Number of protein chains: 2
Amino acid sequence: MSASPTHRVSSGERINSAETTGHLQKTLREKGIRLTRQRRVILEVMDNAEQHLDVDQILERAQKMDPAVHLVTVYRTIDLLKREGLIDELDLLHLRGDRHYYETHGPRDHIHVACLRCGKVREFESRLYEQLKEQIARDFDMQVTVSRTEVGGICNDCLPHEKKSPRQ
Amino acid sequence: MSASPTHRVSSGERINSAETTGHLQKTLREKGIRLTRQRRVILEVMDNAEQHLDVDQILERAQKMDPAVHLVTVYRTIDLLKREGLIDELDLLHLRGDRHYYETHGPRDHIHVACLRCGKVREFESRLYEQLKEQIARDFDMQVTVSRTEVGGICNDCLPHEKKSPRQ
DNA sequence: ATAGATGCAAATATTTTGCCGCCAG
DNA sequence: CTGGCGGCAAAATATTTGCATCTAT
C-alpha cells in the first residue's frame, strides 16, 4: 500500500500562443469570468507548469509569451484562481524565505517532501492521506476543500554532509 | 487580527516573572545558548501560550512582562528557536494575509483545521497522520524532522451562511 | 456601451540587516 | 573581559491599492 514518487504529467498541452485551450481557461469561461489577453497567458503558464512556480517565475514565463504582462496582473490573476479554488498555494516550509508557490489543483492532492539541506522537493501521494482527510471531515463534520501538507527532513544524498556540518 | 480559539493545554506553567523555568529555557541552557533577559521573557511567552501566536502577539505579551523587548528581538529569537527545531511555524493557509504563527513543538504533531469563512482554527491529532509520516520516511528513505499540515473547509456553523453568500 | 481589467506608481506589510553600545557567562 | 546580543533606524522583500485608461463581452 505504498505510493511511489509522483511524476506529474501536465495534461498534454501544445505551446499554442494564447488560444482558448487549457483546463483553466475552459473552467473560467464556464464560470463566466472575463478572459483577457493577459489572463490567457498566465493561465497557460499555470496549465503547462510541470511543477510549482513562484510569482516571479510565473511572470518570467508569461512575459516570454507576451511582454505586456505586468507583475501586478500576475498577483491579481493568482488571487482570482485562489478564490475560485483552481490553484494551490504552498510555501515549502519557508525553505527559501517567504516566497509562495502556486500550482494547479491536480486531480489528487499530493504532499510536498522537501530536503531541508539541499532544498530538493519531491511529491508524494498516498491513500493514507486521503483517509486522513476523510477522518478530519468526519470528526469535525466539515467538508475539507483545501489541504496542504509539507514535510521536511534530510535526504539521502545530504545525510553524509549533514554529519559533518550539522546545520545551515 | 488573530485567529480564534484552539484548545491546547500547555504543560502546566505558572506565571512566574522571568525565572529559569519552562521547557524552552531549560533546553536552551542545556545547549549552552546564552539566556538574556529578553530571551527569557519571549521563551516564557511561547511556553505559556495556549495556542499559536503571531509575531505581534508575541511582542505584545512579552512587553507586558518587560516593556524593553523589541520587535526585532522577537524575530531573532523566533529564528533561533526555529533553527533549534523547538517551535513550529504555520501560516494557517493565509487566512489572514501572510502572517506567520508560531507554537512550541508539542510532544506530538497536530494538524490545523481552519474554517475558511470564520477563521476558527481547531487542532487535530491522529494515528493516521503518524502513519503517513512513517510511510514517507520509508518511501523516501529520509528522516522526517518537520511536518506541517493545514486543512480548510467550511465549518458547521458557517455552512448556513455560505449557502446565501458563497464566497468572499 | 459598460462593467470590469490592466498598468503604473505609490502605499503597506513584513522581515532582515548594519552598526554600535551593552550584558551574560 | 569579551563575544554574542539587543536596540534603533534603515534597507530589503513581498504584496496591495488608487486611479486613469483600456477592452472583452
Side-chain angles (χ1 to χ4, degrees), chain A residues 18-20 24-26 28-43 45 53-60 62-63 65-84 87 89-102 168, chain B residues 1-2 18-20 25-26 28-43 45 53-60 62-63 65-84 87 89-102 167-168:
Chain A
E19 282 313 302
T20 305
L24 289 175
Q25 288 194 38
K26 189 155 158 285
L28 286 195
R29 175 134 25 74
E30 284 167 5
K31 290 186 174 226
I33 289 169
R34 186 180 296 191
L35 283 178
T36 61
R37 187 162 47 87
Q38 293 88 328
R39 280 189 181 170
R40 274 183 232 269
V41 174
I42 295 170
L43 298 181
V45 167
L53 303 173
D54 67 27
V55 187
D56 294 319
Q57 292 171 316
I58 297 171
L59 179 66
E60 195 185 335
Q63 290 188 331
M65 304 171 63
D66 181 344
V69 177
H70 196 281
L71 177 61
V72 174
T73 305
V74 173
Y75 274 113
R76 290 199 265 229
T77 304
I78 281 171
D79 258 18
L80 171 69
L81 295 174
K82 269 200 289 183
R83 280 201 310 276
E84 298 297 330
I87 57 172
E89 181 178 52
L90 0 150
D91 60 27
L92 299 179
L93 297 167
H94 303 115
L95 275 177
R96 313 268 188 227
D98 292 324
R99 208 173 246 85
H100 293 158
Y101 299 88
Y102 303 91
Q168 214 303 320
Chain B
M1 254 112 283
S2 76
E19 281 313 302
T20 305
Q25 288 194 38
K26 190 155 160 284
L28 285 195
R29 175 135 25 74
E30 283 167 7
K31 290 185 174 227
I33 290 169
R34 186 179 295 188
L35 284 179
T36 61
R37 188 162 47 86
Q38 293 88 329
R39 280 189 182 170
R40 275 184 232 268
V41 174
I42 296 170
L43 298 181
V45 168
L53 303 174
D54 68 27
V55 189
D56 293 320
Q57 293 171 318
I58 297 171
L59 178 66
E60 195 185 333
Q63 289 188 332
M65 305 171 61
D66 181 345
V69 177
H70 196 280
L71 176 61
V72 174
T73 304
V74 173
Y75 274 113
R76 290 200 264 231
T77 304
I78 281 171
D79 258 18
L80 172 69
L81 295 174
K82 269 200 290 183
R83 280 202 311 277
E84 298 297 331
I87 57 171
E89 181 179 51
L90 359 151
D91 59 27
L92 299 179
L93 297 168
H94 303 115
L95 276 177
R96 312 271 189 223
D98 292 323
R99 208 175 244 85
H100 292 158
Y101 299 87
Y102 303 91
R167 230 166 227 296
Q168 203 303 321

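Chain A is the first sequence line, chain B the second, and so forth, proteins listed ahead of strands; every chain is numbered from 1. Everything numeric here is computed off the predicted structure, so don't read it as measured data. Values below: all heavy atoms of this structure, side chains included; hydrogens, waters and symmetry mates excluded.
No side-chain heavy atom of A:V41 sits under 4.5 Å from any side-chain heavy atom of A:Q38. Two residues are said to be in side-chain contact when any heavy atoms from C-beta on lie closer than 4.5 Å; A:Y102 and A:V55 meet this criterion.
The CZ atom of B:R96 sits 16 Å away from the P atom of C:dA13 (whole-angstrom rounding). In this structure, CG of A:D54 is placed 9 Å from P of D:dT15, rounded to the nearest angstrom. Between B:R99 atom CZ and D:dT15 atom P the separation is 15 Å, expressed in whole Å. Rounded to an integer number of Å, the gap from CG of A:L59 to C1' of C:dG7 is 13 Å. When rounded to the nearest whole Å, the span between CG of B:D79 and C1' of D:dC5 equals 14 Å. As rounded to whole Å, 14 Å separates atom C1' of D:dA14 from atom CG of B:D91. Straight-line distance from the CD1 atom of B:I42 to the C1' atom of D:dG7: 13 Å, rounded to whole Å. Counting to the nearest Å, the P atom of D:dA24 and the CD atom of A:Q25 are 13 Å from each other.
Using a 4.0 Å cut-off between charged side-chain N and carboxylate O, B:D66 and B:R37 make a salt bridge.
With hydrogens and angles ignored, the 3.5 Å screen pairs a side-chain donor or acceptor of A:Q57 with a backbone N or O of A:D54. Judged by distance alone, the side chain of B:R99 and the main-chain N or O of B:H94 form no donor-acceptor pair under 3.5 Å.
Residue B:V72 places its side chain closer to D:dC8 than to any other of D:dC8, C:dG25, D:dT16. Comparing C:dT16, D:dA24, D:dG6 against the side chain of B:R39 picks out D:dG6 as the nearest. Minimum atom distance to the side chain of B:Y75 is reached by C:dT14, of the listed C:dT6, C:dT14, D:dC8. With C:dA24, C:dT6, D:dG7 as the candidates, the nucleotide lying closest to the side chain of A:T73 is C:dT6.
Nearest-nucleotide positions on DNA chain C for A:R34 and B:H100 put A:R34 closer to the 5' end. Where A:V55 and B:L71 each meet DNA chain D at their nearest nucleotide, the meeting point lying more 5' is that of B:L71. Both B:I33 and A:D98 sit near DNA chain D, but only B:I33 has its closest nucleotide nearer the 5' end. Nearest-nucleotide positions on DNA chain C place A:H70 closer to the 5' end than the other of A:H70 and B:E89.
Distances shown here put a side-chain N or O of A:T36 below 4.0 Å from the OP1 or OP2 atom of C:dT6. At C:dA24, none of the side-chain N or O atoms of B:R37 fall inside 4.0 Å of OP1 or OP2 (strictly under the cut-off). Between B:Q38 and the phosphate of C:dC23, there is no side-chain N or O to OP1/OP2 separation shorter than 4.0 Å.
With hydrogens and angles ignored, no donor-acceptor pair under 3.5 angstrom links the side chain of A:R76 to the base of C:dG4.
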